[in-house]
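What follows is a single structure, written as structure tokens, with notes after it.
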Amino acid sequence: MQDSMNSQIQLAVAPHGKPIEKKDPREIKLDVDAQGNIYIARTKVGPNLLSSIVKKAAAEYGQDTPIVIRGDANAKHSSIETAMNACTEAGVYKIKFAVLKEKGR
Amino acid sequence: MARKSRKSVHQAGELNLTAMIDVAFQLLSFFVITLKPVDVLANLDVSRPEPGKKASSKAPTSVISIKIYPNGAYTFNDRVMNRETLMETLKQIGDTDKNATVVIVCTADSKHAKLCEVLDLCGNAGLGNISLLSSY
């Protein structure tokens, strides 16, 4: 359900990134668009709701729950930071940035 | 009366290839037109220190600071660098000391793509000890 990414998000290209081999079923994906809006499963969430969702996930599945931030290449760092801060507040420490290793034509 | 011997002549049935080739070309052009290469995704780790874990008592290794600015420029230990020189420098550091700490300082208005680019270059150089800082 969470795999569907907002089609407006253009991921940054990183050719040397580690390819995704196995997925953790606990993984939470946060989408950050170019305007700085944060989405979980295509639903826009504010900083407070985001924080409570991550806290609940950390309490339920553990603080090693991986968080994948799928940020738009043009998103400002401040909006990525908002997403990261929610993770820090919840004590979640496994954060990954999703990037495009190879762009399809 | 001489009887004429009747030779049975078996004629091989001719296969009309034109229609088959036509269909084959239609299928080929359909697949070529509709083929869409898939984007290959990757992840860049920015693991933070595990809460409750004590800091290691190892001697501190060399610390490198890379700052990313809103205009897309970056500095390496306060020296302005382009992508190629930064990549070369990080590779040299990676070859000598894989445990070197890289502190990436992002300004609030800097683009996320630039952060991913620097993380990618660090990963390519084999540097895994990365800290991320935000500055205003």
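Here is how names work: the chains are called A, B, and so on, in the same order as the sequence lines, proteins then strands, and each is numbered from 1. The figures here come from the full heavy-atom set of this structure, side chains too, leaving out hydrogens, waters and symmetry mates.
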Rounded to the nearest 0.5 Å, how far does [atom2] of [Y] lie from [atom1] of [X]?
X	Y	atom1	atom2	result
B/His112	A/Ile9	NE2	CD1	10.0 Å
B/Asp120	A/Phe97	CG	CZ	13.0 Å
B/Cys116	A/Ile80	SG	CD1	7.5 Å
B/Cys122	A/His16	SG	NE2	12.0 Å
B/Ser134	A/His77	OG	NE2	3.0 Å

If I measure from the heavy atoms of chain B, does [X] come under 4.5 Å with its side chain, its backbone, both, or neither?
X	value
A/Asp72	backbone
A/Ile67	neither
A/Pro15	both

Heavy atoms only, distances under 4.5 angstrom: which of A/Ala12, A/Gly17, A/Ala14 has the most pairs with chain B? Name it, please.
-> A/Ala14

Within a 6.0 Å radius of atom [atom1] on [X], are there more than 12 heavy atoms belonging to other residues, nucleotides or ligands?
X	atom1	result
A/Lys44	NZ	no
B/Asp78	CG	no
B/Phe76	CZ	yes
A/Lys101	NZ	yes

Hydrophobic clustering (ILVMFWY, side-chain heavy atoms < 4.5 Å, transitive) - are [Y] and [X] grouped together?
X	Y	result
B/Leu133	B/Val63	yes
B/Met81	B/Tyr69	no
A/Ile28	A/Leu49	yes
B/Leu35	B/Phe30	no
A/Ile53	A/Ile95	yes

Taking the side chain as C-beta and beyond, is there a heavy-atom pair between B/Leu41 and A/Arg70 under 4.5 Å?
-> no

Note, B/Asn43 side chain near A/Val68 side chain (heavy atom, < 4.5 Å) = yes

Would B/Glu117 and A/Val13 satisfy side chain to side chain contact (heavy atoms under 4.5 Å, CB included), going step by step from the backbone distance to the final call?
-> CA-CA 8 Å; B/Glu117 192 181 304; A/Val13 179; over 6 Å; no

Side chain, backbone, both or neither: which part of B/Ile68 has an atom under 4.5 Å from a heavy atom of chain A?
-> neither

